[in-house]
Amino acid sequence: MSGWRSVAYSAARPLLFRFDSERIHRLSVSGLRIAGGNPIGRALLGVMGGVGRQARPVDVLGLRFRNPVGLGAGFDKDAVALRGWAALGFGCIEVGTVTPEPQAGNPRPRLFRLTQDEALINRMGFNNAGAATVARNVMLARRHLPPGVMVGVNIGRGRAAADEDAAADYLAAHRLVAPVADYLVINVSSPNTPGLRRQLQDPQRLVALLGSLAEAGERIGYRRALLVKLAPDLAPAAFDRLVTTLATSPASGLILANTTLARERMRSPGAGEWGGLSGRPLLARTMPLVARARSLAGDRLAIVASGGLASAEDVAGAFDAGADLVQLWTGLVYRGPGLIGEAASAARSRAAQSG
């Protein structure tokens, strides 16, 4: 990163990192909520994000995004700071993962910085306020969001749901959030809900679930694009089979990818903590998955690159690999909000080069 935003955040980061990671996370979201609620705060956030004229509208999923840079799910699970994220310059904000009923998630500590690797390990366990609360928060914020800011809602199965009741949980969450969402993400790949990956990344079960959700959308009058978030740890043959199957299913797109269980060449002392790894080490998995999915699916699925993006070069590489949209998360923790503007600038440059 370059420029004064990078310098300012680099100076502040050591102080932020002195505190517990989940506490700082919670305070950051609260600060964005407060700043996003008043004109002066929104103006300051706009300066911090640095998107400005770098914004380039894109048409994806039948929607017109003001720019192709999004916030990944998990940062603002309960949709409490949508106006703040929009002021920072994001073109889309994905909230959740949301379950039908509120749940506390796993015991703390459950979020760990791996500073030497520019990574995080989380085992949050779908902690959220429940689909009804999230739907209300999105609805209240919606009229204050600038044109072209899309809100995606990521839905998942509750921890207490039995395997045979998984589809019912997704349908219950869908019924509550579909009326307020621009698109929906089906999370079948979190490593922190027991059995989720093994059971719901099966192609037959996943297609059946997508069919049920699509039918429900038609029935309640809120047909939304359905994206599927896949794990980066799938064997190559299993990944190919899933993408090929999803390309002829009710799915509209893929998010690649969720956190990984792999711990390859890690340097940080906390790398042995259990949970999903995000951040810089995931980039080496994200890029090949995006390229492979684009090769297999052609233009039948939108592809969102999410995992390890922490620079303008990373974002440009994701678009070159075939992504339609990109998402930031852990990169914001290590590089600061100026990364949003850099990502938007990289997207604009790639679009200009492609004509």
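The first residue of the sequence shown is numbered 1, and numbering continues consecutively from there.
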Are Phe319 and Val326 close enough, and set up right, to give a side-chain contact (heavy atoms from CB on, under 4.5 Å), and what steps lead you there?
-> CA-CA 8 Å; Phe319 286 119; Val326 298; 3.8 Å; yes
If we only count heavy atoms from C-beta on, is the Asp76 to Ile93 side-chain gap below 4.5 Å?
-> no
Does Pro232 reach the side chain of Thr286, with side-chain heavy atoms less than 4.5 Å apart?
-> no
Taking Ser252 for the side chain and Leu227 for the main chain, is one N or O donor matched with an acceptor at less than 3.5 Å?
-> no
Side-chain donor or acceptor of Arg83 paired with backbone N/O of Ile34 under 3.5 Å = no
Is Leu242 close to Leu206 at the side-chain level, that is, under 4.5 Å between some pair of heavy atoms?
-> yes
Tell me, please, whether Phe17 has Arg113 positioned over its six-membered ring: NZ or CZ under 6.0 Å from the ring centre and within 45 degrees of its axis?
-> yes
Look at the side-chain heavy atoms of Ile, Leu, Val, Met, Phe, Trp and Tyr, link any pair under 4.5 Å apart, and say whether Leu45 and Leu16 land in one connected group.
-> yes
Hey, mind stepping through Ile255 and Val228 against side-chain contact (heavy atoms from CB on, under 4.5 Å) and telling me if it holds?
-> CA-CA 6 Å; Ile255 297 184; Val228 179; over 6 Å; no
Are Leu254 and Val243 close enough, and set up right, to give a side-chain contact (heavy atoms from CB on, under 4.5 Å), and what steps lead you there?
-> CA-CA 8 Å; Leu254 303 173; Val243 172; 3.9 Å; yes
Quick one: do Asn258 and Asn187 satisfy side-chain hydrogen bond (donor to acceptor under 3.5 Å, both in side chains)? Show the steps, please.
-> CA-CA 9 Å; Asn258 214 319; Asn187 188 346; 3.3 Å; yes
Locate the shortest heavy-atom distance separating Val304 from Gln327; write the atom from each residue and the value.
-> CG1-CG, 3.6 Å
Pair Asp182 + Arg142: basic N to acidic O under 4.0 Å = yes
Sidechain N-carboxylate O distance under 4.0 Å for Arg265, Asp117 | no
Output the distance between atom CZ (Arg294) and atom CG (Asp324), rounded to the nearest 0.5 Å.
-> 4.5 Å
Among the clusters formed by ILVMFWY side chains lying less than 4.5 Å apart, do Leu234 and Met287 turn up in the same one?
-> yes
According to the interplanar angle, ranging from 0 to 90°, do the rings of Phe75 and Trp85 count as parallel (below 30°), tilted (30 to 60°) or perpendicular (above 60°)?
-> perpendicular
Indicate if Leu63 and Leu71 have the same hydrophobic cluster label, given that clusters are the connected sets of ILVMFWY residues with side-chain heavy-atom separations under 4.5 angstrom.
-> no
Answer yes or no: does atom CG of Asp59 have more than 12 heavy-atom neighbours from other residues, nucleotides or ligands under 6.0 Å?
-> yes
For the pair Ser21 (side chain) and Leu111 (backbone), establish whether a donor and an acceptor sit closer than 3.5 Å, ignoring hydrogens and angles.
-> yes
Do the non-hydrogen side-chain atoms of Ile121 and Arg263 ever get within less than 4.5 Å of each other?
-> yes
Thinking salt bridges, do Glu342 and Arg335 make one under a 4.0 Å N-O criterion?
-> no
CG of Leu15: more than 12 outside heavy atoms within 6.0 angstrom?
-> yes
Rounded to the nearest 0.5 angstrom, the OG-CG distance for Ser190 and Asn122 is 7.0 Å
Would you call Arg123-Glu273 a salt bridge at under 4.0 Å N-O?
-> yes
Flag if over 12 foreign heavy atoms under 6.0 Å of CD, Glu264 = yes
Would you indicate whether the side-chain heavy atoms of Val185 and Ile155 approach each other to under 4.5 Å?
-> no
Side-chain (Arg224) to main-chain (Ala178) donor-acceptor, under 3.5 angstrom = yes
Would you confirm whether Asp165, through its side chain, and Ala168, through its main-chain N or O, come within 3.5 Å as a donor-acceptor pair?
-> no
Ala214 versus Pro250, closest heavy-atom pair with distance | CB-CB, 4.0 Å
State, to 0.1 Å, how close Leu256 and Ala293 come at their nearest heavy-atom pair, and which atoms those are.
-> CD1-CB, 3.7 Å
The side-chain contact (heavy atoms from CB on, under 4.5 Å) partner of Leu277 among Thr330, Leu114, Leu282 is Leu114
Looking only at heavy atoms, the pair that brings Val69 and Ala344 closest together is CG2-N, 3.7 Å
Hey, quick one: are Val333 and Phe90 part of the same hydrophobic cluster, counting side-chain heavy atoms closer than 4.5 Å, chains of contacts allowed?
-> yes
Has the side chain of Arg300 got a donor or acceptor atom that lies under 3.5 Å from a matching backbone atom of Leu296?
-> yes
Heavy-atom closest pair (Gly338 atom, Arg5 atom, distance to 0.1 Å) is CA-CD, 3.9 Å
Run the salt-bridge test on Arg292 and Asp240 with the 4.0 Å N-O cut-off and return the result as yes or no.
-> yes
Any donor-acceptor pair under 3.5 Å linking the side chain of Ser6 with the backbone of Gly3?
-> no
Donor-acceptor contact present, side-chain Arg110 to main-chain Gly125, <3.5 Å = no
Give a yes or no on this: more than 12 heavy atoms of other residues, nucleotides or ligands lie within 6.0 Å of atom CD of Gln103.
-> yes
Using a strict cut-off of less than 4.0 Å between a Lys/Arg side-chain nitrogen and an Asp/Glu carboxylate oxygen, indicate whether Asp169 and Arg159 qualify as a salt bridge.
-> no
Quick check: are there more than 12 heavy atoms from other residues, nucleotides or ligands sitting under 6.0 Å from CZ of Arg223?
-> no
Step through it carefully: locate the ring centre of Trp329, locate the ring centre of His25, and say whether they are under 6.0 Å apart.
-> yes
Result of checking Thr99, Thr97, Asn154 against Asn128 for side chain to side chain donor-acceptor pair (under 3.5 Å) | Thr99
Answer with yes or no whether the hydrophobic clustering places Ile340 together with Leu82; edges join I, L, V, M, F, W, Y residues whose side-chain heavy atoms lie under 4.5 Å apart.
-> yes
Look at the side chain of Ser268 and the backbone N and O of Ala271, then say whether any donor-acceptor pair between them is shorter than 3.5 Å.
-> no
Rounded distance [0.5 Å steps], OH in Tyr334 versus CZ in Arg280 = 12.5 Å
Determine yes or no for a side-chain-to-main-chain donor-acceptor pair under 3.5 angstrom, with Glu94 supplying the side chain and Val151 the backbone.
-> no
Compare all side-chain heavy atoms of Leu210 with those of Leu246 and state whether any distance is below 4.5 angstrom.
-> yes
How long is the span from the CG atom in Leu61 to the CG atom in Leu226, to the nearest 0.5 Å?
-> 10.0 Å
Rounded to the nearest 0.5 Å, how far does CG of Leu332 lie from OH of Tyr9?
-> 8.0 Å
Applying side-chain contact (heavy atoms from CB on, under 4.5 Å), run through Thr133 and Asn137 and close with a yes or a no.
-> CA-CA 6 Å; Thr133 296; Asn137 290 345; 3.9 Å; yes
Rounded distance [0.5 Å steps], CG in Asn38 versus CZ in Arg42 | 6.5 Å
Nearest heavy-atom approach of Val29 to Val80 is CG1-CG2, 3.4 Å
